[in-house]
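This report refers to the structure that appears directly beneath it.
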Protein chains: 2
Amino acid sequence: MKRNTWQREAVREALDGTGGFISAQALHSALHASGSPIGLATVYRALGDLASTGEADSLQSPDGEALYRACSTTGHHHHLICRNCGLTVEIAADEVEAWAKRVAGEHGFTGAAHVVDVFGLCADCTAAQRGADERRADATANGSSSSHPA
Amino acid sequence: MKRNTWQREAVREALDGTGGFISAQALHSALHASGSPIGLATVYRALGDLASTGEADSLQSPDGEALYRACSTTGHHHHLICRNCGLTVEIAADEVEAWAKRVAGEHGFTGAAHVVDVFGLCADCTAAQRGADERRADATANGSSSSHPA
DNA sequence: ACTGATGTTGACAATCATTATCAATAGACC
DNA sequence: GGTCTATTGATAATGATTGTCAACATCAGT
């Protein structure tokens with residue numbers, strides 16, 4: 001049988017209280033910081049459960065960490081994520097759904113699923129960044145790798 | 001200075017000889033199997049280099065592994081990947097590019113980048129699967145998790 | 001409220017991918 | 001060939017995640 005424990009609730013609430021995506025480790029730290037003695041393994045389990053129930057979305061950060069987020073829509077949707085502050089906006093993408101299905105079909109693929117996420121700098125971070133850029137004029141290119149996203 | 005070593009060539013060729021995406025570990029095993037004494041660390045380094053040069057694309061598998069692939073187009077493109085056999089088709093997605101840029105703009109985001117990949121079953125695997133489904137009538141739902149892709 | 005069966009927890013060990021270390025090696029240019 | 005130094009590779013180190021298992025807490029029935 002499925003039991004309700006304060007630990008699971010704690011994880012759910014902590015996740016709700018977070019604007020964007022957060023890693024299991026970070027969420028555990030946050031909970032600890034706010035006085036909860038919850039164990040790391042439990043956080044992982046709770047997040048896994050939430051993700052499989054559809055109550056939370058998960059994605060892989062470019063450095064291989066799993067990130068979770070409590071989403072308002074239980075249905076299908078995508079994300080627009082600020083790569084600086086983590087602010088996340090849920091977006092519908094009917095066009096893209098259709099496109100994915102069509103492209104898959106054109107190549108004989110069935111059971112099409114897709115991963116679609118947009119990363120960028122939110123308005124606030126863009127402003128902050130611009131300020132920073134003006135202050136320092138070092139033209140050093142950023143060394144970030146992560147080829148695929150573009 | 002940048003030196004040319006047979007190791008880097010070996011990795012490049014092994015990657016070229018692979019249809020779809022492959023993990024660093026798997027590529028290393030493959031190289032070993034074909035008699036190359038190349039070291040694991042070197043495979044990681046070579047793949048990292050290829051990825052940062054744009055000669056290879058990389059993405060995160062749902063279980064947190066980094067997968068690499070030698071792509072014909074050095075420019076920007078996306079992938080249609082068979083989740084069963086790994087067959088990969090490169091696809092252009094101008095519509096999606098435009099969509100991503102527009103959505104980002106609508107929410108005040110700048111520097112929009114995106115991750116767009118379509119997973120499915122290729123024609124061959126679909127056929128094979130259908131055959132298998134007919135043979136066994138166990139209606140057990142698949143237990144796969146991985147919430148987000150849809 | 002009491003109790004028993006069992007789902008759940010949490011500390012820790014184990015695993016797995018990836019990165020760092022560093023002495024030995026081998027390209028590139030003379 | 002000789003020198004300089006980027007590169008290699010065996011191994012240790014790191015970091016995220018999962019497995020283990022005894023102790024515990026929850027829920028249903030009383």
Side-chain angles (χ1 to χ4, degrees), chain A residues 1-15 21-53 55-69 86 143-148, chain B residues 1-15 21-53 55-69 86 143-148:
Chain A
M1 184 201 308
K2 193 75 173 178
R3 292 178 185 172
N4 295 330
T5 62
W6 63 266
Q7 287 95 332
R8 250 195 286 263
E9 272 312 305
V11 169
R12 194 198 307 271
E13 280 174 24
L15 201 57
F21 282 90
I22 188 172
S23 73
Q25 304 273 353
L27 194 60
H28 176 240
S29 301
L31 283 165
H32 253 215
S34 53
S36 172
I38 192 172
L40 178 57
T42 304
V43 173
Y44 272 100
R45 276 184 293 243
L47 287 175
D49 286 353
L50 289 176
S52 64
T53 322
E55 296 180 74
D57 263 8
S58 67
L59 61 79
Q60 297 288 132
S61 86
D63 46 292
E65 253 181 315
L67 303 181
Y68 298 87
R69 176 166 197 272
S144 84
S145 52
S146 189
S147 64
H148 193 229
Chain B
M1 183 202 309
K2 194 74 174 179
R3 292 177 185 174
N4 294 330
T5 63
W6 64 265
Q7 286 96 332
R8 249 194 287 262
E9 272 311 304
V11 169
R12 194 198 309 269
E13 281 175 23
L15 200 57
F21 282 88
I22 188 172
S23 71
Q25 304 273 352
L27 194 61
H28 176 239
S29 301
L31 283 164
H32 253 215
S34 55
S36 173
I38 192 172
L40 177 58
T42 305
V43 173
Y44 272 99
R45 276 185 291 242
L47 285 175
D49 285 354
L50 288 176
S52 63
T53 321
E55 296 182 73
D57 262 8
S58 67
L59 62 79
Q60 297 287 133
S61 87
D63 45 292
E65 252 182 317
L67 303 181
Y68 297 87
R69 177 166 195 273
S144 83
S145 52
S146 189
S147 66
H148 193 229

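By convention in this document, chain letters (A, B, ...) are assigned in the order of the sequence lines, proteins followed by strands, and residues within each chain are numbered from 1. Quick note: numbers below take in every heavy atom, side chains included, and nothing from hydrogens, waters or symmetry partners.
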ask   = Counting side-chain heavy atoms from C-beta on, which of C/dT18, D/dT26, C/dG27 comes nearest to B/Ala66?
value = C/dT18
query = Should B/Thr5 be listed as having a side-chain N or O under 4.0 Å from OP1 or OP2 of D/dT8?
reply = yes
key: Rounded distance [0.5 Å steps], CD in B/Glu65 versus CG in B/Leu59   = 11.0 Å
key: d(CZ, A/Phe21; C1', D/dA16) in whole Å   = 18 Å
note = note: A/Leu47, atom CG; D/dA16, atom C1'; distance rounded to Å ~ 13 Å
request  = Examine the base of D/dT5 for any acceptor or donor lying under 3.5 Å from a partner atom in the side chain of B/Arg3, and report the outcome as yes or no.
outcome  = yes
request  = Give the rounded distance in Å between these two atoms: CG of A/Asp49 and P of D/dT17.
outcome  = 15 Å
key: Phosphate OP1/OP2 of C/dA28 contacted by B/Asn4 side-chain N/O (<4.0 Å)   = yes
inquiry  = Is there a side-chain contact between A/Asn4 and A/Glu9 in this structure, where contact means two heavy atoms from C-beta onward sitting under 4.5 Å apart?
reply    = no
note = Rounding to the nearest 10°, end axes of the helix from C/dA1-D/dT30 to C/dC30-D/dG1 built from five pairs each make an angle of 40°
query = Whole Å only: how far is the CD atom of B/Glu9 from the P atom of C/dG27?
reply = 13 Å
request  = Figure out the CG/P separation between A/Leu27 and D/dT17, and round it to whole Å.
outcome  = 12 Å
inquiry  = With a cut-off of less than 4.0 Å, is there a side-chain N or O of A/Gln7 near OP1 or OP2 of C/dG10?
reply    = yes
message = If you apply the rule side chain to side chain contact (heavy atoms under 4.5 Å, CB included), what do you find for A/Val43 with A/Gln25, and how did you get there?
response = CA-CA 8 Å; A/Val43 173; A/Gln25 304 273 353; over 6 Å; no
inquiry  = Tell me whether the side-chain N/O atoms of B/Tyr44 come closer than 4.0 Å to OP1 or OP2 in C/dT19.
reply    = no
inquiry  = Distance check, rounded to the nearest 0.5 Å: B/Thr5 atom OG1 versus B/Ile38 atom CD1?
reply    = 7.5 Å
I'd like a table of atom pairs between the protein and nucleotides 10-14 of chain D - only N or O on both sides, under 3.5 Å - with the distance next to each one.
none

message = Without decimals, in angstroms, what is the distance between B/Asp63 CG and C/dC16 P?
response = 12 Å
inquiry  = Whether the side chain of B/Arg8 engages the backbone of B/Arg3 through a donor-acceptor N/O pair (distance < 3.5 Å, no angle test) should be reported.
reply    = yes
key: Pairwise side-chain contact, A/Leu50 with A/Tyr68, heavy-atom cut-off 4.5 Å (strictly under)   = no
task = Apply side-chain hydrogen bond (donor to acceptor under 3.5 Å, both in side chains) to A/Gln60 and list each qualifying residue two or more places apart in sequence or on a separate chain.
result = none
query = On DNA chain C, nearest-nucleotide positions of B/Gly64 versus B/Lys2: which is more 5'?
reply = B/Gly64
inquiry  = Looking at A/Tyr44, is its backbone amide N or carbonyl O close enough to the side chain of A/His28 to form a donor-acceptor pair, meaning the two atoms are under 3.5 Å apart?
reply    = no
ask   = Touch check for A/Gln25, heavy atoms < 4.0 angstrom, all strands: base, sugar-phosphate only, or nothing?
value = base
query = Would you call A/Val11 and A/Thr42 a side-chain contact if the rule is heavy atoms closer than 4.5 Å?
reply = no
Test item: A/Ser61 and A/Phe21 side chains (from C-beta on) under 4.5 Å apart, heavy atoms = no
request  = Could you state the atom-to-atom distance from CG of B/Leu31 to C1' of D/dG9 in whole Å?
outcome  = 14 Å
ask   = For the pair made of CD in A/Glu65 and C1' in D/dG15, what is the distance, rounded to whole Å?
value = 9 Å
